[in-house]
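Model, not experiment: these values are computed from the prediction. In the text below, chain A, chain B and the rest are named by the order of the sequence lines, each starting its count at 1.
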2 protein chains.
Amino acid sequence: MELSERKQKILGAIVELYIKTGEPVGSKSLLSELDMSVSSATVRNEMAELSALGLLEQPHTSAGRIPTNDGYRYYVDNLMVNRQVDESLRRRIEAGFGSGISDPEKLLERAGEVLADLTGCAAVSTTPSGEGAYIRRVEAVPVGTKTAMIVLMTSTGVIKSKVARSDFDLNASVLESFYNVVKASFVGKLLSEVDTAMMQTLVASMGGDVFTLLPLITAVSDLAQEAVHTEVMLGGQSNILHHNSYYGNTAYELLEFLRRGEPLSKLLSSATEGKDVDVKIGSENPYRQLMKSSVIVSNYNIDGNRRGSIGIIGPTRIDYANLIPSVKYLTDLVGELLTQTFKEE
Amino acid sequence: MELSERKQKILGAIVELYIKTGEPVGSKSLLSELDMSVSSATVRNEMAELSALGLLEQPHTSAGRIPTNDGYRYYVDNLMVNRQVDESLRRRIEAGFGSGISDPEKLLERAGEVLADLTGCAAVSTTPSGEGAYIRRVEAVPVGTKTAMIVLMTSTGVIKSKVARSDFDLNASVLESFYNVVKASFVGKLLSEVDTAMMQTLVASMGGDVFTLLPLITAVSDLAQEAVHTEVMLGGQSNILHHNSYYGNTAYELLEFLRRGEPLSKLLSSATEGKDVDVKIGSENPYRQLMKSSVIVSNYNIDGNRRGSIGIIGPTRIDYANLIPSVKYLTDLVGELLTQTFKEE
DNA sequence: ATTTAGCACTCTTTGGTTTTGAGTGCTAAC
DNA sequence: GTTAGCACTCAAAACCAAAGAGTGCTAAAT
């Protein structure tokens with residue numbers, strides 16, 4: 001869509017003013033913000049044309065204009081200039097991580113909280129995906145004569161644990177054969193390789209040990225499954241109230257929607273293919289509950305591989321110019337932290 | 001405070017009716033619920049007296065009565081009969097835990113979610129306190145030539161991990177001396193014994209190894225600190241909206257308050273000394289933000305020792321008779337699950 | 001001494017009416 | 001193409017009246 005320079009200037013100003021004030025923008029109040037040597041009537045004509053193009057709309061006939069989804073989209077794609085993440089903000093972000101959290105789950109949770117505080121939006125973050133990660137180590141720690149805690153650690157530093165209960169005494173020799181099996185069949189394997197087929201052939205090949213070891217081995221497999229799954233975490237829910245106090249009762253619906261991790265997970269993974277930062281505005285979102293919200297998501301990479309996402313959810317009239325860079329900055333930082341921590345030299 | 005039998009009956013009925021409907025209870029509507037052979041005027045007189053005693057109040061002169069905090073308190077202490085947790089509810093609770101989550105942190109988080117869903121309130125839960133727990137095992141897993149992931153497991157099944165970075169190569173002999181130190185000075189120790197004093201004497205006694213081992217040992221100590229700390233988790237925030245849509249704007253304030261773990265933690269630990277289930281009503285709570293809320297908290301025990309708490313936060317007009325037993329039931333269940341899992345036979 | 005019927009009074013809620021004012025679209029002149 | 005002017009629209013605010021639920025009080029009844 002081609003717009004005259006003047007139309008662009010007007011559209012941009014309306015979007016920004018509306019983002020700032022939340023009030024529909026009228027031709028006069030727009031002029032007082034913008035130094036243009038034209039009259040309000042001229043602006044009105046332009047606004048009428050922008051409306052006809054579907055970029056602006058009116059809540060009712062005698063009100064000012066607000067941007068439509070397409071209006072925001074045009075703004076984000078063509079008009080907006082990303083603000084720099086300024087020094088003080090950077091410091092706040094970095095301070096938010098405090099001293100070396102190295103558990104990735106905790107780190108990502110914290111990242112969500114930091115982002116939520118910073119942006120005043122709800123924030124989502126996912127733990128690093130286990131795709132491509134392999135099993136680095138497995139331990140069996142006896143906690144009783146017949147029970148042991150199985151601990152699995154992946155190459156991405158994720159640690160999962162679970163108690164396994166056997167019908168037999170877990171004496172030294174049993175543990176030894178357990179470690180043998182683990183060493184032969186699990187350590188170094190990709191998490192995704194540990195599936196039911198693999199387990200079946202493993203069990204078939206085990207012979208006599210199978211009864212004593214089965215519960216332990218099963219636990220290892222369970223943990224591997226768990227570690228592949230990315231977990232979705234949500235923070236800053238209270239911020240939604242802040243925004244949606246206008247929107248009436250949708251706040252509850254939105255919060256309720258965000259509680260369910262599964263749709264969120266889809267949202268994050270579908271987003272941001274290829275692009276640096278993905279912005280979905282209002283009805284561009286695939287879920288009814290997000291029709292009035294915008295979602296800004298970015299991926300973090302560990303060692304150059306995309307491993308997870310961090311994003312924020314806010315009203316469509318969100319401060320794109322400032323927040324998109326913020327999300328990007330935080331995401332990159334998280335990627336760096338994780339890469340550094342788990343770099344294999 | 002002594003009340004005539006009739007006053008008790010009236011107060012109880014008002015509390016229950018108000019809890020059910022949320023509307024101030026008038027003398028007539030009360031009579032239609034209650035089969036008493038007196039007139040509304042008599043009831044009015046009684047109500048006036050209950051008001052004078054500070055058990056009832058009126059939102060405005062010409063409205064029905066609602067219970068005051070003291071009114072609720074009297075009801076909970078003297079009038080209420082705990083409902084049984086019925087079969088279907090038990091099943092829902094037990095189903096909520098699915099198949100063997102044995103990571104205590106995850107289990108408690110899940111418990112909070114289950115409780116929130118069940119009660120329609122926000123729920124808080126704490127991870128098992130490390131007080132009295134000892135260090136069961138420590139592992140150092142190399143992730144690079146100079147970095148290792150330190151994993152610590154406690155007797156209560158809590159697992160904490162952290163990456164330690166050294167200036168020296170972590171070769172086999174370094175790891176061996178690390179394990180020696182760990183075996184001698186950490187394994188079997190109470191978490192609370194690992195403090196700065198203990199660390200200082202340890203470092204002093206270490207001699208030449210100190211430079212290579214210090215980062216690793218420090219990490220162990222950090223993890224022990226972390227493991228003593230109970231973590232507070234919050235679930236079901238969206239439910240607060242549900243209730244507080246009446247209350248005006250307090251919902252945001254409340255949510256914002258609940259985000260901060262620290263006051264919550266105090267709340268939980270101060271509560272429920274000795275008692276089975278602790279109920280704090282409105283202004284009985286030590287925080288301004290909770291003045292209009294009630295908190296129902298109960299402890300769970302592992303092996304007979306109090307280890308943490310689970311509770312719900314709702315409006316003062318919460319269904320005490322049903323929810324108090326529910327909280328109790330869930331708490332006991334969690335205690336049992338954790339006890340079973342980590343029982344040392 | 002309680003209980004009750006009756007009544008005047010209070011105060012929120014509800015709904016309708018009016019006023020206000022920001023903002024528009026159109027027309028005609030520049 | 002731009003602008004001044006003007007009639008028109010419509011949400012929001014202000015105002016008012018009526019309705020209704022509920023009370024407290026008094027005086028009679030039990």
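Rounded to whole Å, the distance from CG on A/Leu31 to C1' on D/dT3 is 12 Å. When rounded to the nearest whole Å, the span between CG of B/Asn45 and C1' of D/dA29 equals 15 Å. Across the protein-nucleic acid pair, B/Glu46 atom CD and C/dT3 atom P stand 7 Å apart, rounded to whole Å. Rounded to an integer number of Å, the gap from CG of A/Leu30 to C1' of C/dG23 is 13 Å. One atom, OH of B/Tyr18, and another, P of D/dG22, lie 14 Å apart when rounded to the nearest Å. Between A/Lys28 atom NZ and D/dT3 atom P there is a gap of 15 Å when expressed in whole angstrom units. In this structure, CG of B/Leu50 is placed 16 Å from C1' of D/dG24, rounded to the nearest angstrom. The CD atom of A/Glu49 sits 15 Å away from the P atom of C/dT24 (whole-angstrom rounding).
In this structure, the side chain of A/Glu16 does not engage the main chain of A/Ala13 through any donor-acceptor pair within 3.5 Å. A distance-only check finds a donor-acceptor pair linking the side chain of B/Thr331 to the backbone of B/Val327 [under 3.5 Å]. With hydrogens and angles ignored, the 3.5 Å screen pairs a side-chain donor or acceptor of A/Ser298 with a backbone N or O of A/Asp276. Checking side-chain atoms of B/Asp319 against main-chain N and O of B/Ile19 turns up no donor-acceptor pair under 3.5 Å.
The base of D/dT9 has none of its N or O atoms less than 3.5 Å from a complementary donor or acceptor on the side chain of A/Thr61. For A/Ser62 against C/dT24, a side-chain-to-base donor-acceptor contact under 3.5 Å is absent.
Contact between the side-chain N/O atoms of B/Arg65 and the OP1/OP2 oxygens of D/dA21 is not found at any separation under 4.0 Å.
Within 4.0 Å of B/Ser51, counting heavy atoms only, lies no atom of the nucleic acid at all. In this structure, B/Ser27 reaches the sugar-phosphate backbone alone: every heavy-atom distance under 4.0 Å involves primed, P, OP1 or OP2 atoms, never a base.
Side-chain atoms of A/Arg44 lie closest to D/dG5 of the nucleotides D/dT3, C/dT4, D/dG5. Looking at the side chain of A/Gln58, the nearest of the listed nucleotides C/dA5, D/dT3, C/dG25 is C/dG25. Considering only the side chain of A/Ser29, C/dG23 comes nearest among C/dG23, D/dA4, C/dC11. Closest approach to the A/Thr42 side chain among D/dC10, D/dT3, C/dC11 is made by D/dT3 (side chain taken as heavy atoms from C-beta onward).
Comparing B/His60 and B/Ser40 by the nucleotide of DNA chain C whose heavy atom lies nearest to each, the residue mapping closer to the 5' end is B/Ser40.
A/Leu79 has its side chain out of reach of A/Val15: every pair of non-hydrogen atoms, C-beta onward, lies at least 4.5 Å apart.
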